[in-house]
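See below for the structure under consideration.
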Amino acid sequence: MLSMISRRMLLVIPNLIGVIIVTFLLTRALPGDPAAYFAGPAATKDAIEQVRKQLGLDKPLVLQFGDYVGDLAKGNLGTSLTTGQPVLTELRNRLPASAELTLFGLLLSMAIAIPLGILAAVKQGSWIDHTCRVVATAGVSLPVFFTGLLLVYFFYFKLGWSPAPLGRLDVFSSAPPSITGFYLIDSLLTGQFETFRAALSQLLLPGMTLCIFSLAPIARMTRASMLAVLASEFVRTARASGLDSRTVIITYAFRNAMLPVVTTLGMVFSFLLGANVLVEKVFAWPGIGSYAIEALISSDFAPVQGFVLTMAILYVALNLLIDILYGVIDPRVRLEG
């Protein structure tokens, strides 16, 4: 297992180098002139050139890239020109908000989609199976920002059941002491149950938005994988030997159907990290997605590069985790790796 992890870690290096190069070139190809933006609308040509020199944008592209890589080697992601704060500090402060939202949406989706997929496969052709298909079709058809706006309209504007979609806590609550950065966990650890309730109520609508977005692929893959396993010889043998139906489905069938489901979960988690960018804007969520969009609008290179690099590292870490899970679920994968 350790040798497999080591090989995967070595493969990560060229991927990260490619991400660094592509991100640097793409940010330089963005429309707009950062020097003109930060010099202000009334700035003269000389003032703009002076700002360009201060930002290092007057240097050849190769030298700019060399400076960028040199800063990365020192763990410096640069400074945001719009906030004046180090990008690493901003990302570190905002990442728990994005992670909490993404994990909450994924867990909510798993809690619904996996049992739904199993039941749809076991009771093929029943109303549960048709419900699964409808949910899957609706999930892939609705854009994530549209779903978010729809939920806000009904649950906040029409029914008044949900608090205003403005961040992680309402104005009457204060953040719990930071331990993990996750408000739900930190409020429970410190015994602040009112803060937990407030954080959960703010999290429900954006979490439901991500849940609806990710329901379809998880439910469909669970159903398809379970159907394939339920038709196999060993399941028929288990049933013929008189084993309880629940034991056959959960212990034998689902365990063997888990590999493609785990693969799908990894992909869905990656998609959710990307979808977070839109959801965070709809719900004024103070995560790294909204931070990257604000930086992109103002042609602030350093936060955009830091955001893309952070996402790339998260994807790589996630893929590594999936490889490890493969080995745990199916030892044959470990031997082949």
Side-chain angles (χ1 to χ4, degrees), residues 1 4-27 68-69 72-73 75 77-78 87-88 90-110 113 139-140 144-145 180-182 206-207 209-211 213-218 221 258-281 285 287-293 295-296 301-329 333 337:
M1 178 65 80
M4 185 194 76
I5 294 174
S6 303
R7 281 196 294 273
R8 296 287 192 276
M9 292 293 289
L10 287 176
L11 291 174
V12 164
I13 296 173
N15 291 335
L16 289 181
I17 292 174
V19 168
I20 291 171
I21 295 173
V22 171
T23 307
F24 177 82
L25 293 176
L26 284 179
T27 50
Y68 173 58
V69 173
L72 277 183
L77 295 179
V87 172
L88 188 61
E90 294 269 12
L91 291 175
R92 191 167 52 226
N93 292 338
R94 290 168 175 265
L95 188 58
S98 295
E100 184 176 44
L101 175 58
T102 307
L103 287 173
F104 183 79
L106 182 65
L107 291 176
L108 201 60
S109 179
M110 287 170 59
V140 296
V144 65
F145 70 91
T180 64
F182 288 25
T209 305
L210 291 179
C211 169
F213 173 72
S214 57
L215 262 176
I218 300 174
M221 181 52 70
M258 276 180 69
L259 276 182
V261 177
V262 168
T263 307
T264 307
L265 288 177
M267 293 172 60
V268 167
F269 188 76
S270 305
F271 294 154
L272 288 182
L273 285 173
N276 255 0
V277 175
L278 295 175
V279 176
E280 287 178 6
K281 287 307 289 181
W285 199 260
I288 59 174
S290 55
Y291 176 59
I293 284 188
L296 197 59
F301 290 156
V304 177
Q305 291 169 168
F307 169 76
V308 176
L309 189 59
T310 304
M311 296 294 277
I313 292 172
L314 285 175
Y315 288 152
V316 167
L318 184 65
N319 284 325
L320 184 62
L321 180 64
I322 290 172
D323 287 342
I324 294 172
L325 279 177
Y326 276 177
V328 173
I329 295 170
V333 177

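Everything numeric in this text was worked out from a predicted model, so none of it was measured.
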Identify the two heavy atoms, one from [X] and one from [Y], that lie closest to each other, and give their separation to 0.1 Å.
| X | Y | answer |
| --- | --- | --- |
| Phe182 | Leu103 | CE2-CD1, 3.9 Å |
| Val268 | Pro217 | CG2-CG, 3.7 Å |
| Pro206 | Leu101 | CB-CD1, 3.5 Å |
| Gly289 | Glu280 | N-OE1, 2.8 Å |
| Leu210 | Thr102 | CD1-CA, 4.1 Å |
| Ala312 | Leu16 | CB-CD2, 4.3 Å |

Spacing of [atom1] belonging to [X] relative to [atom2] belonging to [Y], to within rounding of 0.5 Å:
| X | Y | atom1 | atom2 | value |
| --- | --- | --- | --- | --- |
| Ile20 | Asn15 | CD1 | CG | 11.0 Å |
| Leu106 | Leu272 | CG | CG | 6.0 Å |
| Phe271 | Asn276 | CZ | CG | 14.0 Å |
| Leu314 | Leu321 | CG | CG | 12.0 Å |
| Phe269 | Met110 | CZ | CE | 11.0 Å |
| Ile288 | Leu95 | CD1 | CG | 5.0 Å |

Open item on the list: Taking Gly306's backbone N and O only, do any of them form a donor-acceptor pair with Thr310's side chain (distance below 3.5 Å, no angle check)?
Closed with: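 Looks like yes, one N/O pair under 3.5 Å.
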TODO: Answer yes or no: is there a donor N or O on one side and an acceptor on the other, between the side chain of Trp285 and the main chain of Ala97, under 3.5 Å?
DONE: yes
- [ ] Please test Thr263 against Met221 for side-chain contact (heavy atoms from CB on, under 4.5 Å), starting from the C-alpha separation and ending with a verdict.
- [x] CA-CA 10 Å; Thr263 307; Met221 181 52 70; over 6 Å; no
May I ask you to test the [X]-[Y] pair for a side-chain heavy-atom distance under 4.5 Å?
| X | Y | answer |
| --- | --- | --- |
| Val87 | Gln305 | no |
| Thr23 | Leu309 | no |
| Pro303 | Tyr291 | yes |

